[in-house]
Amino acid sequence: MKKELKLHPEIFDLECTTVWSFPRRGNWATHKSDWRGNWAPEVVRNLILRYSKESDHLLDCMIGGGTTAIEAKILNRHITCVDVNDEALKRTAKALEFEVKNNSRQRIKKCDARDMDFIKNEEIDFILTHPPYADIIKYSDGKLADDLSNIHDLDSFVGEMEKVAKELYRVLRKGKCCAVLIGDTRRNKMYQPLAFKVMDKFLKQGFLLKEDIIKRQHNCTATGFWVNKSKESNFLLIMHEHLFVFQKV
Ligand SMILES: C[S@@+](CC[C@H](N)C(=O)[O-])C[C@H]1O[C@@H](n2cnc3c(N)ncnc32)[C@H](O)[C@@H]1O
């Protein structure tokens with residue numbers, strides 16, 4: 001007999017503070033951690049439950065391995081999933097191969113988040129997305145021209161994220177929210193506040209900042225080597241990301 005898929009975590013409580021930490025990534029439904037740097041399903045579930053309602057139309061314009069799509073389907077939200085990477089779209093389609101007892105629909109589209117002309121103005125009720133952090137993780141090894149994870153120069157990356165912010169502002173309905181998870185980096189031993197620079201571009205489009213949530217990072221693969229480096233060269237390891245929740249008012 002086919003084993004029934006578990007669609008919900010055993011324990012789940014909505015986060016109520018501005019610091020979120022999920023030391024063990026959930027593996028209910030078809031969630032897996034094999035798309036590098038993917039976000040935890042707990043982050044997605046918290047966002048969907050707080051900022052949308054059933055039958056709303058959601059958008060993740062950088063869907064990666066499909067974490068957001070899985071949660072939207074389980075929680076009865078329609079979702080448009082976008083990515084420039086064929087492998088990401090294939091994985092997302094595969095991750096959605098499970099049954100639910102609701103009417104949620106999923107649309108998967110290969111597209112650049114800077115120009116999603118197939119989405120009408122103000123069509124979307126809630127956006128949640130997780131861009132690359134410049135080229136910290138490369139998703140296509142320089143092969144895809146549209147892939148923002150091929151951009152090394154931080155100012156150029158922020159400039160391209162401004163185009164994403166503009167497009168997200170266009171497709172989102174008034175009064176609705178847009179959540180973006182992004183981390184910082186270090187160059188030449190100095191801290192680079194990439195997340196704040198990207199946040200600034202969203203504010204420039206007209207979004208207001210509703211929340212700045214600090215997301216604790218876990219399972220950083222290079223931790224052993226970098227712990228020693230941090231002591232030798234006297235710098236701190238970055239172990240947090242910013243989860244910004246913007247509102248279009
Ligand atoms: C951090 S990953 C997203 C991971 C996802 N949240 C998950 O849980 O699997 C960033 C994604 O952005 C995609 N990407 C990069 N540039 C893009 C662009 N211009 N338009 C759309 N997607 C893009 C990459 O292909 C990658 O899948």
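The figures here come from the full heavy-atom set of this structure, side chains too, leaving out hydrogens, waters and symmetry mates. Start at 1 with the first residue, then count along the sequence. We count ligands from 1, going down the list as the structure has it; atoms in each ligand are counted the same way.
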With sequence neighbours left out, write down each residue that passes ring pair (Phe, Tyr, Trp, His ring centres under 6.0 Å) with H152, or none if nothing qualifies.
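With sequence neighbours excluded, H152 shows a ring pair (Phe, Tyr, Trp, His ring centres under 6.0 Å) to no residue whatsoever.
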
With F207, which residues qualify under ring pair (Phe, Tyr, Trp, His ring centres under 6.0 Å), at least two apart?
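By the ring pair (Phe, Tyr, Trp, His ring centres under 6.0 Å) rule, F207 matches Y169, F202, F246.
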
Residues E87, K143: salt bridge by 4.0 Å N-O rule:
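So E87 does not pair with K143 through a salt bridge.
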
Taking NZ, NE, NH1 and NH2 as the nitrogens, is one of them in R50 or E15 under 4.0 Å from a carboxylate oxygen of the other?
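A salt bridge is absent here (no side-chain N lies under 4.0 Å from a carboxylate O).
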
Pairs under 3.5 angstrom, nitrogen or oxygen on both sides, ligand 1 versus protein: list them out, please.
residue: ligand 1; atom: 6 (N); partner: W39; partner atom: NE1; Å: 3.2
residue: ligand 1; atom: 6 (N); partner: H130; partner atom: ND1; Å: 3.2
residue: ligand 1; atom: 8 (O); partner: W39; partner atom: N; Å: 3.2
residue: ligand 1; atom: 8 (O); partner: T67; partner atom: OG1; Å: 2.6
residue: ligand 1; atom: 9 (O); partner: G65; partner atom: N; Å: 2.8
residue: ligand 1; atom: 16 (N); partner: L148; partner atom: N; Å: 2.9
residue: ligand 1; atom: 19 (N); partner: D112; partner atom: OD1; Å: 3.1
residue: ligand 1; atom: 19 (N); partner: D146; partner atom: O; Å: 2.9
residue: ligand 1; atom: 20 (N); partner: A113; partner atom: N; Å: 2.9
residue: ligand 1; atom: 25 (O); partner: D83; partner atom: OD1; Å: 2.6
residue: ligand 1; atom: 27 (O); partner: W35; partner atom: NE1; Å: 3.2
residue: ligand 1; atom: 27 (O); partner: D83; partner atom: OD2; Å: 2.8

Hydrophobic cluster of I11, others only, ordered by chain and residue number, side-chain cut-off 4.5 Å:
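Members besides I11: none; it forms no cluster.
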
What pair of heavy atoms forms the shortest contact from C177 to K210, and how long is it?
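Heavy atoms of C177 and K210 come nearest at SG-CD, 3.9 Å.
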
